[in-house]
2 protein chains.
Amino acid sequence: MTCSADYAPQLRARGYRMTPQRMVILHVIHHSGKHLSPSVIYEKARKELPGITETTVYRTLEFLAQNGLVRSAHMGNGHLVYEIAGHEHHHLKCRICGSEMEVEHSLLAKLYHQLETASGYQLTDSHLTFFGLCPNCQKGE
Amino acid sequence: MTCSADYAPQLRARGYRMTPQRMVILHVIHHSGKHLSPSVIYEKARKELPGITETTVYRTLEFLAQNGLVRSAHMGNGHLVYEIAGHEHHHLKCRICGSEMEVEHSLLAKLYHQLETASGYQLTDSHLTFFGLCPNCQKGE
DNA sequence: TTCCTTATTGCAACTATTTGCAATAACATA
DNA sequence: TATGTTATTGCAAATAGTTGCAATAAGGAA
Ligand SMILES: [Mn+2]
Ligand SMILES: [Mn+2]
Ligand SMILES: [Zn+2]
Ligand SMILES: [Zn+2]
């Protein structure tokens, strides 16, 4: 669980605290490498810290997302999933078979600039999910 | 409630039925012109059809979205909202003050084509929400 | 108009997520 | 190392959304 040592300073710098709960949640997300639902995170976290509650998991996930340590995404089933905030990327997901693929944010950089220029907004988030049909499922149409 | 007359054939053509519940829900969404949450839709629908249940509202909204009559969106609070499926568009939303603005899909058309070419996926959905800072809130940063 | 099939609804029970509040514990300071 | 402040947690209760199933009713066919 050494990985959480890297995150503590980020929290302290903002006046927040590192706790066993936050450590274990970061640990779980950090080492999974994929999108995890709150309930899966809870189950895994519980193995290392049996007393942890679901309430804390939900609250911590939102807190970590707010502070840029993790990133949330809607993958189409209506429920949020979380992952460590690493490289900026987006997702493509097939409406039929559910297969996913990642898209580098650099592919959207031009669009983001266009949108910023056209709207005056400064875009801060980048973790979108585009839906469509994968090459395989297009055949069946 | 005449507006629902237009929707009935679309449902029948697919083997589905038009019901008072679907009528009133479509009516509510059609005449609102903005994004509505399931609970707001339920409250409004109830005024016209007192017996309707929340379960039916949730189920109907998903059904209508699946069949292209309405469109759902995540506007950042974790809850889905719905609107009539009219012109294709996306949204820009300020993380601080919550102000929103619409973006025509045509602005993203080029990107969509790029993504399709690069990935092989055929993109079907277009109702995204981009988050950032509105011109006004940028000043305070 | 009446009948029949089956899509749709309502109910009740369940799972998921949020919120208020008092108890706890992180960590800055002395 | 001991102390005080207050960020954070756990609990319980509330709200939001889902699911199985039997009763109902839309609408095609007779
Ligand atoms: Mn991702
Ligand atoms: Mn919209
Ligand atoms: Zn597919
Ligand atoms: Zn703003």
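Reminder, nothing fancy here: chain letters follow the sequence lines and each chain counts from 1.
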Separation of C/dA16 atom C1' from A/Tyr82 atom OH, nearest Å, is 12 Å
Mind calculating the distance between OH (A/Tyr58) and P (C/dA16) to the nearest angstrom?
7 Å
If you count heavy atoms of other groups shown closer than 6.0 angstrom to NZ of A/Lys44, is the number above 12?
no
Between A/Thr53 and B/Glu62, which is nearer to the 5' end of DNA chain D once each is assigned its nearest nucleotide?
A/Thr53
Once you apply a heavy-atom cut-off of 4.0 Å, does A/Gly51 come out as touching a base, just sugar-phosphate, or nothing?
sugar-phosphate
Does either side chain, that of B/Ser32 or that of B/Tyr82, offer a donor lying less than 3.5 Å from an acceptor on the other one?
no
Rounding to an integer number of Å, can you tell me how far B/Gln21 CD sits from C/dA7 C1'?
12 Å
Does the side chain of A/His79 get closer than 4.0 angstrom to OP1 or OP2 of C/dT17 through an N or O atom?
yes
Integer-rounded Å distance: C/dA25 C1' and A/Met23 CE:
13 Å
Identify whether any heavy atom of A/Glu54 sits under 4.0 Å from a base atom; if not, whether one sits that close to sugar-phosphate; answer base, sugar-phosphate or nothing.
nothing
With nearest nucleotide decided by heavy atoms, which residue, B/Gly78 or B/Ile52, maps closer to the 5′ end of DNA chain C?
B/Ile52
Nucleotide nearest A/Arg12 (side chain, heavy atoms from C-beta), chosen from C/dC27, C/dC11, C/dA7
C/dC27
Heavy-atom neighbours of A/Glu83 CD exceed 12 at 6.0 Å
yes
On DNA chain D, reading 5' to 3', which nucleotide is the first and which the last to sit with an atom under 4.0 Å from a heavy atom of chain B, could you check?
D/dA16 to D/dG28
Comparing B/Arg59 and B/Leu80 on DNA chain D - which has the more 5′ nearest nucleotide
B/Leu80
Is it true that B/Leu115 and A/Leu115 fall in one hydrophobic cluster, defined by side-chain heavy atoms closer than 4.5 Å?
yes
Answer yes if the ring centres of B/Phe130 and A/Tyr121 are under 6.0 angstrom apart, and no otherwise.
no
Quick one: label B/Thr19 by what it contacts on the DNA or RNA (base, sugar-phosphate, nothing), any heavy atom closer than 4.0 Å.
sugar-phosphate
By the 4.0 Å heavy-atom rule, please label B/Tyr16 as base, sugar-phosphate, or nothing.
sugar-phosphate
Ring pair (Phe, Tyr, Trp, His ring centres under 6.0 Å) test vs A/His90 passes for just one of A/His105, A/His127, A/His74, namely A/His105
With no hydrogens and no angle check, do the side chains of A/Thr56 and A/Gln21 hold a donor and an acceptor under 3.5 Å apart?
no
